[in-house]
Amino acid sequence: MKLYNTMTRRIEEFVPIVPAHVSMYCCGPTVYNYAHIGNLRTYIFEDILKRTLERAGYTVRHVMNITDVGHLTGDGDDGEDKMEKSARETGKSVWDIAAFYTKAFFRDEEALNIIRPDVVCKATDHIQDMIALIKRLEDGGHTYTSGGNVYFSIDSIPDYGKLARLNLSDLKSGARIEVDSNKKNPKDFVLWFTNSKFQGQAMTWDSPWGVGYPGWHIECSAMSMKYLGEHFDIHCGGIDAIPVHHTNEIAQSEAATGKTWVNYWCHGEFLLMGNAKMSKSSGSFVTLPVLEEAGYNALDYRYFCLTGHYRSQLRFSYEALDAARSARQSLMEKISALKSEATESKDPGEGAKAYMTAFDEAMENDLGAPQALSVLWKMIKDSTLSSSDKLAAAYHMDAILGLRLSEAESRKEETVGSADDLRLLAERTAAKKAKDFKRADEIRDELKKRGYNVKDTPSGAILERIV
RNA sequence: GGUGCGAUACCCAAGUGGCCUAAGGGGGCGGUCUGCAAAACCGCUUUUCAUCGGUUCGAAUCCGAUUCGCACCUCCA
């Protein structure tokens, strides 16, 4: 299994800390709003990574956090809590907001056939773990208190910014924002707030430094170490997390333990909307339910994501999504036909196995999903393979692709349409036989109005729901 | 101002020194089948990889310049 590691900027052979086992932490959603399809692209990438690791023979322990304490918005470390803002705008409590959007998030994940992580941990359930970690940093001399807040001092460690390859002297902190005057170094960041210029925070906890709430980065360090240990294999997220969030996570985690924290850093690229990235803060964004209401299946979006490499920007457009939908529907149609032709389930023959191997090789080479998908199509169209072999190979591939191919309806079992619809269909068949084509076409039009296409297959006419 | 990344045929998108006269999908066109359609199947849409120059026996792939686009240095997947 080969993976691109952001830390080394190279594709490396993956070597786990514990043989045959992978510990993987993924930055989860901040639940103050719906996830948009750009967010979801990253979770699809992580799901594909996990499935591929399992195919490669590893047992994966997958941990994801839910940021329900809210990251801040606006200027520097002293902004307004997004959850507070959302709560104020909707008139609900911050706890209600978090619960509502957490539920919505997992509904989207389910629709996209993303396997639920082994551990899903909420920040608000782990405040004591964060406090303990901050205490440890304080004892190690990595913190200072200023203006009521506890800061992490980046000058207390030798290699701050190594993931992002930040050149500290060239950075213009404050080029776009005002620097917090309490900071000794502009890149220092808050571990614990007791002093916010926004009063009336609903979420506060007691701590050795006073009543307040944790900074943005400490939750991922505290929870990942709690569930995966102080040294684990893979940490995932979106590329935007590299220069600040992951950089600070590394700083505080390695300062606390004094050793390497994570071996492999994997980042998913952005989904572009037109020519710009999709973002929550810009106000307008597309969610999965928006696509579903427009008549797309969530899996059309999953397929769309698979057509591009996870480390390349992918441009979203409805034209591209239409293409993905056509391709996926055609694939389901072919699987459906194979299901009715396949005779017995046995070990696939050599020809099919060659495709399966090519598929796995593409996936295990830094997740070459687009190439893997092309292997699937070539296999499907290979006339030298039996239907049984094709079906077995397709299922093997779908264990990673996650397109729910096995749920394609078999033509044999297909019973689309009500009794009345089927009676009409039979009447059309009779009319055709009697060469009453006028009547036959009338019935076909009527069925179309009812939402079905009529398909004349070698084994007789069938109905297909118009999507 | 600094730092990364990208530009591939009608569209999306792989490929990163010879197996590339560029995978796969979508769309379009033509054909087979059909009473006609739809579906299915077959073929075409492809000597071409932003531009210019260089390295090399050989470049979409490496180097340099140019143009355009994106991202990050503020929260963001």
Side-chain angles (χ1 to χ4, degrees), chain A residues 9 26-30 32-33 35-46 70-77 79-82 161 164-167 169-179 186-187 216 236-245 247 267-272 274-282 285 303-304 306-309 311-317 319-328 330-331 333-334 337 362 368-378 380-381 383 432 435-438 440-441 444 448 453-458 461-462 464 466:
Chain A
R9 309 286 160 105
C26 300
C27 286
T30 302
Y32 68 93
N33 203 335
H36 59 65
I37 56 175
N39 301 127
L40 295 171
R41 182 186 181 199
T42 299
Y43 300 112
I44 290 170
F45 140 62
E46 291 160 355
H71 279 179
L72 306 182
T73 188
D75 55 356
D77 290 336
E80 181 181 18
D81 192 297
K82 283 181 173 170
R165 308 208 165 173
L166 300 177
N167 183 339
S169 56
D170 286 349
L171 282 176
K172 278 187 142 188
S173 290
R176 294 163 68 191
I177 57 158
E178 215 173 303
V179 178
K187 297 300 288 179
W216 324 337
C236 300
I239 37 128
D240 59 301
I242 296 169
V244 179
H245 183 52
T247 288
H267 294 96
E269 251 290 358
F270 272 122
L271 180 77
L272 301 184
N275 269 341
K277 69 168 179 171
M278 185 174 286
S279 75
K280 285 181 188 175
S281 24
S282 71
F285 56 89
Y303 187 100
F304 168 73
L306 290 169
T307 64
H309 188 87
R311 284 193 292 113
S312 296
Q313 294 180 339
L314 185 61
R315 205 174 301 278
F316 177 83
S317 68
E319 291 73 23
L321 188 61
D322 284 343
R325 171 166 63 183
S326 296
R328 192 185 70 84
S330 165
L331 189 58
E333 183 61 32
K334 287 174 171 55
Q371 296 105 299
L373 213 46
S374 86
V375 172
L376 168 64
W377 278 103
K378 276 188 206 165
I380 292 282
K381 294 191 169 182
S383 57
K432 268 181 69 178
K435 302 225 184 283
D436 183 359
F437 299 121
K438 188 164 172 285
D441 289 349
R444 190 165 66 196
K448 191 155 199 167
N453 278 327
V454 174
K455 281 161 90 170
D456 289 323
T457 74
I462 60 168
E464 188 183 69
I466 297 168

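Below, chains carry the letters A, B, ... as their sequence lines are ordered, and counting in each starts from 1. What you see below is based on every heavy atom in this structure, not just the backbone, and it leaves out hydrogens, waters and symmetry mates.
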* Whether A:W377 stacks on the six-membered ring of B:G24 base, 5.5 Å and 30° limits ->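 No, the aromatic ring of A:W377 does not stack with the base.
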
Side chain of [X] only, please: which of [options] is the nearest?
X	options	value
A:K378	B:A38, B:A23, B:G26	B:A23
A:F304	B:C76, B:C70, B:C12	B:C12
A:R315	B:A77, B:A39, B:A13	B:A13
A:W216	B:C75, B:A23, B:G35	B:C75
A:S326	B:A38, B:G26, B:C76	B:G26
A:K187	B:C73, B:A77, B:C70	B:C73

Remember a base hit wins even if backbone is also touched, and classify [X] as base, sugar-phosphate or nothing at under 4.0 Å, heavy atoms.
X	result
A:H309	sugar-phosphate
A:V244	sugar-phosphate
A:S312	sugar-phosphate
A:K334	sugar-phosphate
A:G237	sugar-phosphate
A:L314	sugar-phosphate

Searching all strands shown, indicate the nucleotide that pairs with [N] (Watson-Crick or G-U wobble; both distances under 3.5 Å).
N	answer
B:U21	none
B:U56	none
B:U34	none
B:C75	none
B:U61	none
B:C5	B:G69
B:G43	B:C29
B:U48	none

* Shortest non-hydrogen contact from A:P243 to A:A164? ->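 Scanning both residues, the minimum pair turns out to be CA-CB, 3.7 Å.
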
* To do: Kindly give the heavy-atom pair with the smallest separation between A:E46 and A:C236, and that separation in Å.
  =>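 The answer is OE2-CB, 3.4 Å.
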
* Asked: So, do A:K438 and A:D436 sit near enough that their side-chain heavy atoms are less than 4.5 Å apart?
  ->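 Yes - at least one pair of side-chain heavy atoms lies under 4.5 Å apart.
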
* Validation row: A:L272, A:F316 side chains within 4.5 angstrom (heavy atoms) ->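 Side-chain contact under 4.5 Å: no.
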
* Asked: Does the base of B:A38 carry an N or O that pairs as donor and acceptor with the side chain of A:R444 under 3.5 Å?
  ->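 It does not, because no donor-acceptor pair links the side chain of A:R444 to the base of B:A38 below 3.5 Å.
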
* For the base of B:G35, is there a side-chain donor-acceptor partner from A:D441 under 3.5 Å away? ->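 Checked by distance alone, the answer is yes.
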
* **Member of A:E269, A:R311, A:Q313 meeting the side-chain contact (heavy atoms from CB on, under 4.5 Å) criterion with A:I239** =>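 Single pass found, and it is A:E269.
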
* **Phosphate contact (B:G24 OP1 or OP2) by A:Q371 side-chain N/O below 4.0 Å** =>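 No, outside the criterion.
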
* Can a side chain N or O of A:K381 be found less than 4.0 Å away from OP1 or OP2 on B:G25? ->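 For B:G25, OP1 or OP2 has a side-chain N or O of A:K381 closer than 4.0 Å.
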
Between [N] and [M], how far apart are the two [atom1] atoms, rounded to whole Å?
N	M	atom1	answer
B:G2	B:U66	P	14 Å
B:G4	B:U16	P	23 Å
B:A71	B:G53	P	32 Å
B:A22	B:G43	P	16 Å

* Is there a donor in the side chain of A:S374 and an acceptor in the side chain of A:K378, or the other way round, less than 3.5 Å apart? ->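 The criterion, which ignores hydrogens and geometry beyond distance, is not satisfied for A:K378 and A:S374.
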
* RNA chain B: 5'-proximal contact among A:K438 and A:A320 (nearest heavy atom) ->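 The residue closer to the strand's 5' end, by nearest nucleotide, is A:A320.
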
* Ion pair present between A:E333 and A:K455, side-chain N to carboxylate O less than 4.0 angstrom? ->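 Yes, charged N to carboxylate O under 4.0 Å.
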
